[in-house]
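Comments concern the structure below.
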Amino acid sequence: MTRPRRRGRFTRRRAGAPARPSGSSATPGPTSPATASGRSASLATAGSGSVPSATADRSLSGPETSLLATLEDILGDDGLRTGHLGRATYRRDASFLNADPLAVALPRSVEQTAHVLRACRDHGIPFTPRAAGTGLAGGATPTGEGGRRPVVVSVARMDQLRELDVPNRRAWVEPGLVNARLGKAAAAHGLRFAPDPASQIAATLGGNVATNAGGIHVLTYGVMSQHVLAVELMDADGVVHVLDGTRAEQAGLDLRGVSVGGEGTLGIVVGACLRLLPAPPAVGTLLAGFASLEAAATAVGALVVSDRLPDAVELMDARAVSLVEDYAQAGYPQDAAAVLLLEYEGLPAGVDAGVATADRLARDHGATSVVRADGPDQRARIWKGRKAVAGAIAKRAPDFYLQDVVVPRSRLGEMLDAVVAIGERERLEILTVVHAGDGNLHPFVLFDRRVEGMIDRVFAAGHDIVATALSLDGTVTGEHGVGIEKRDFLSDVFDSDDLAVQRAVRDAIEPSGLANPDKVLPTTVGCGEARMVPEGAWV
Amino acid sequence: MGVNAATHLEPTDIGEVIDAVTQARERSSALEVRGAGSVLDRLPPGDAPVLSTARLTGIVDHAPADLTVTVRAGTRLDEVRDRLAEHGQECPIEPIGEHGTTVGGRLGTALAGPRQLGAGRVRDWLLRVRFVTGAGTPATAGGVTVKDVTGFDLCRLMTGSWGTLGVITEVTLKLRPIPPHRAWYATDTPQHDLASQLYRPAAVVSTSERTHVLFEDHPDDADAQAAGAGLVPADPPVLPASARAVVDPARLAAFRADLTELDLTVAIHDQLGLCHLDGQPDALVAARAAAERHGGALLVLDPSTGLPAFGRGHAPSPLAQRVSTALDPDDVLAPWRWQR
Ligand SMILES: Cc1cc2nc3c(=O)[nH]c(=O)nc-3n(C[C@H](O)[C@H](O)[C@H](O)COP(=O)(O)OP(=O)(O)OC[C@H]3O[C@@H](n4cnc5c(N)ncnc54)[C@H](O)[C@@H]3O)c2cc1C
């Protein structure tokens, strides 16, 4: 395999160096940056009881005051949050990265959204699109540029299924519609929406489009982009561009494709047309236990090159398995060092053939147990366990930092070993779940922010995980996105020409620079950077 | 660099591609990027110098265990197919039965083959692309892993850009195992709703006489589906080749009704919204107008018709024009593309 060009040599950075890693916290709530350059440091404290007025905690510039008045006219009381508490819950997404927005706008319609964006433009104030806030890279964290605090524009109230077009197997959705709700509506017609991120009961389809989300069934069904037929993208002037990808060919430049994964930097997704698939007539789900991570990884390698690709191949290490068993009662083998969850979907003979192949390959590669789910209930429990990992962690540690890296599938075993070694070196408990068929690892680094110095080790571990993935020809994010967290790693993946071309495309689509500034592409100008760690962390 | 450097450039590496584009830019001249010509030879001839990928060839790396292959843009698809087949793998973007097409040409045009119904769009098989923009800047986007959201998704942007944004020099494609069984079936009466009655057929093509179905599946499943739908084993369909029209599949029924009024030989990919057409120029003109009325487009692939290859349905949006200008500021790369 040729290595991607990497002119910028990766260098390990400790927390506190200019490139900041991020983290995700199991304890939601208002946080404030422990240290900051000053720009984004606010003194927000939770539980102050009353909601202070917009101007109580800081002085606003003329344009800011004028913009807030305009936004109030557009949105009314109910659609605008300017006070401490109102802003506090929008300081961050599911990562630690946090900053104080100027205000939070909650438009109810595309038209209102357009008015909000025009008002921002007229006042020269940036905006940060936001949906459910389950993102893990700080994409929805309202950092501004040049000292301008952005307005968070939440699409959460635009949450309708506009049209379920059963004959044409597609759905038109508003951006705030929760992923699982579309799945449920589709199921009533024998259809399914394939992208199934573990966060699907909370994450929205607009957020899934904006992050090009993945999930458990990516191996054969592909990531979000493959399921997006059209995107309605609103630019900073409030104009909606329909980026149409419904034609099978001759469709012009695929701006739809570029907008998927734009992380809010290209404008606001105000609608999307999504592809639905027929629900599979047959499903076969297998649970296989292995005595070592290495054996499980080797089995994955064999499955991926077998003559029938599984539709899902998930790996969970022993820590993850024991953590969720109480909750899911999925029958995960508790003595195994690693468990594989495998699924084949389709017509009955193909599914049975797949299951037989997987059973044989798993045993050939040292599986200590292989069980086929005996029906929909057991199948549901098996997947419930997998999707419950993040929630169950609270039992073990108050905080976790969730990483997202990808390696070529053939390097999976090496990567898993490295994660174990990093945990030992930094004296941290790391549990790992893997979209193994895709080579996409999610190590959860467990910690307690109150322990002196621990956060530093957490960030160091995060950096080493990313550095290792890069050294194995992998990349820095497979599905959670770049946001702020991975932004400065882009120079380790791409050279300056690559980044210049990306910037040229972004600027052509979003020339105003007001849409989610400071995200995705490394900044060329040295703007003041807040160092963002969880509130109350020892550093 | 090769052959008659004024009118026909054959760079052998990315550095020579950069030189060729930069020199064209300095001379204010345009370039036509060309693969094997399996599509361009069927468009009206242009007068601009050709930048051919004929010597940018070779399979750089096939990683069977990672289900990826990295190839230079001028490599022929059939060569790639044969090499992958030795390992029981494929990238299902090749047009069945068409020879000579290069990997770069396939991705550049993104013209769909029948299997795009089951296998998904051409654009979804590209993991990483290396290209030289119209400004002469070399760039890489995407990566060799199957999941990668590191940076903006320029792989999708380059797919189907018809040589107007950059010269694709190398790509990494996603692979899959060759399905264990592959067989065409047909009914002797055309049935346009067949695609929706079957579970994920690989391809469905209807002519005025019959509907053909391709199953890529376990043989027992294929036989059961075929029996249920009254299909019998058959040869693959023969597709007309003078023109191809495409509409949003939701508009296909209405478009098909318009086509029946015209004197045309038609093969339709049900659910893909794609039609292959043969007929006299006036009928093709009418078909193009009908496609455009339905929000679609029609590409003429037979220069003897005297018709322009592209029509109003291909006109780029203002946003698309802005992106083109960003990557090709001096209109070096086939600036006439959508007008001829
Ligand atoms: C426990 C847990 C498990 C997860 N599992 C997965 C997984 O399996 N796979 C996966 O891919 N991700 C996963 N995630 C990450 C997250 O759920 C996804 O990134 C999701 O797509 C974010 O959706 P959201 O609605 O929460 O968006 P937000 O977090 O609100 O926003 C995410 C990004 O999109 C932008 N954005 C949001 N809405 C819009 C819009 N309408 N227009 C333009 N930009 C917008 C924001 O600015 C931000 O950059 C997980 C997260 C958690 C907490």
Side-chain angles (χ1 to χ4, degrees), chain A residues 1-2 4-5 168 211-212 214 218 222-223 225-226 241 246-255 257-258 260-261 278 281 301 304-305 307-309 347 349-350 353 406-410 438-440 473-479 481-482 490 493-494 497-498 500-502 504-506 508-509, chain B residues 60-61 63-67 70 88 110-112 116 120-121 123-124 133 137-141 143-154 156-157 159-161 176-177 180 199-200 217-218 220-221 246-250 272-274 296-297 299 314 316-317 319-320 322-323 325-327:
Chain A
M1 180 62 58
T2 49
R5 276 172 304 158
N168 292 300
T211 55
N212 195 8
V218 165
V223 291
S225 178
Q226 295 198 25
H241 303 267
T246 52
R247 291 188 213 165
E249 60 175 45
Q250 306 176 47
L253 294 184
D254 188 9
L255 299 180
V258 184
V260 176
V304 166
V305 297
D307 62 359
R308 204 174 276 277
L309 262 189
L347 296 163
V406 200
V407 293
R409 295 172 256 229
S410 55
D438 312 315
N440 184 192
D473 281 341
T475 193
V476 301
T477 171
E479 54 178 27
V482 176
L490 254 66
V493 179
F494 297 116
D497 282 339
D498 304 336
V501 168
Q502 297 216 14
V505 171
R506 183 198 61 189
I509 297 176
Chain B
V60 179
D61 183 40
D66 294 324
L67 294 179
T70 298
L111 294 178
Q116 256 57 82
R121 304 291 171 84
R123 65 190 181 210
D124 294 330
T133 69
T137 310
T140 299
V144 298
T145 55
V146 275
K147 260 162 121 183
D148 186 352
V149 290
T150 315
F152 296 109
D153 191 351
L154 306 189
R156 268 19 84 195
L157 183 65
T159 309
S161 60
R176 69 177 192 185
Y199 181 75
R200 305 194 72 187
D217 221 330
H218 193 284
D220 293 353
D221 291 330
V246 66
V247 295
D248 175 348
L272 272 184
L274 177 64
L299 175 68
H314 299 99
S317 68
L319 199 57
R322 260 165 34 205
V323 172
T325 305
L327 295 191

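By convention in this document, chain letters (A, B, ...) are assigned in the order of the sequence lines, proteins followed by strands, and residues within each chain are numbered from 1. Only heavy atoms go into these numbers, but all of them, side chains included; no hydrogens, no water, no symmetry mates.
Both the backbone and the side chain of B:Leu319 come within contact range of chain A, each with at least one heavy atom under 4.5 Å from a heavy atom of that chain. At a 4.5 Å heavy-atom cutoff, the contact between A:Asn440 and chain B is made by side-chain atoms alone. Proximity to chain A is limited to the side chain of B:Leu154, based on heavy atoms less than 4.5 angstrom apart. Both the backbone and the side chain of B:Leu111 come within contact range of chain A, judged by heavy atoms closer than 4.5 Å. Proximity to chain A (any heavy atom under 4.5 Å) is restricted, for B:Pro64, to the backbone atoms N, CA, C and O. For B:Ala110, the part lying under 4.5 angstrom from a heavy atom of chain A is the backbone only. Interface residue A:Val223: only side-chain heavy atoms are found under 4.5 Å from chain B. Looking at B:Thr133, only its side chain comes within 4.5 Å of chain A, counting heavy atoms on both sides.
Ranked by heavy-atom pairs shorter than 4.5 Å toward chain B, the options A:Ser410, A:Gly301, A:Gly252 are led by A:Ser410. Here B:Asp124 is the residue among B:Asp220, B:Asp124, B:Asp153 with the most heavy-atom pairs under 4.5 Å with chain A. Between chain B and the options A:Pro278, A:Ala251, A:Gly439, the largest number of non-hydrogen pairs under 4.5 Å is found for A:Pro278. Per-residue heavy-atom pair counts under 4.5 Å with chain A were compared for B:Gly143, B:Ser317, B:Ala250, B:Ala326, and the maximum is reached by B:Ala250. The most heavy-atom pairs under 4.5 Å with chain B, out of A:Asn168, A:Val218, A:Leu253, come from A:Leu253. Ranked by heavy-atom pairs shorter than 4.5 Å toward chain B, the options A:Val482, A:Leu255, A:Thr211 are led by A:Leu255. Of the residues considered (A:Gly222, A:Gly257, A:Gly214), A:Gly257 shows the highest number of contacts with chain B, using heavy-atom pairs under 4.5 Å. When each of A:Ile509, A:Val258, A:Thr477 is checked for heavy-atom pairs under 4.5 Å with chain B, A:Thr477 comes out on top. Per-residue heavy-atom pair counts under 4.5 Å with chain A were compared for B:Arg121, B:His218, B:Lys147, B:Gln116, and the maximum is reached by B:Lys147. Between chain A and the options B:Ala141, B:Gly160, B:Ser161, B:Ala112, heavy-atom pairs under 4.5 Å are most frequent for B:Ala112.
A donor-acceptor distance shorter than 3.5 angstrom exists from the side chain of B:Arg156 to the backbone of B:Arg123, with no hydrogens or angles considered. In this structure, A:Asn212 contributes its side chain and A:Ser225 its backbone to a donor-acceptor pair below 3.5 Å. In this structure, the side chain of A:Asp497 does not engage the main chain of B:Ala139 through any donor-acceptor pair within 3.5 Å.
There is no side-chain donor-acceptor pair under 3.5 Å between B:Thr145 and A:Thr475.
Counting heavy atoms from C-beta outward, B:Asp148 and A:Val406 have side chains that stay 4.5 Å or more apart.
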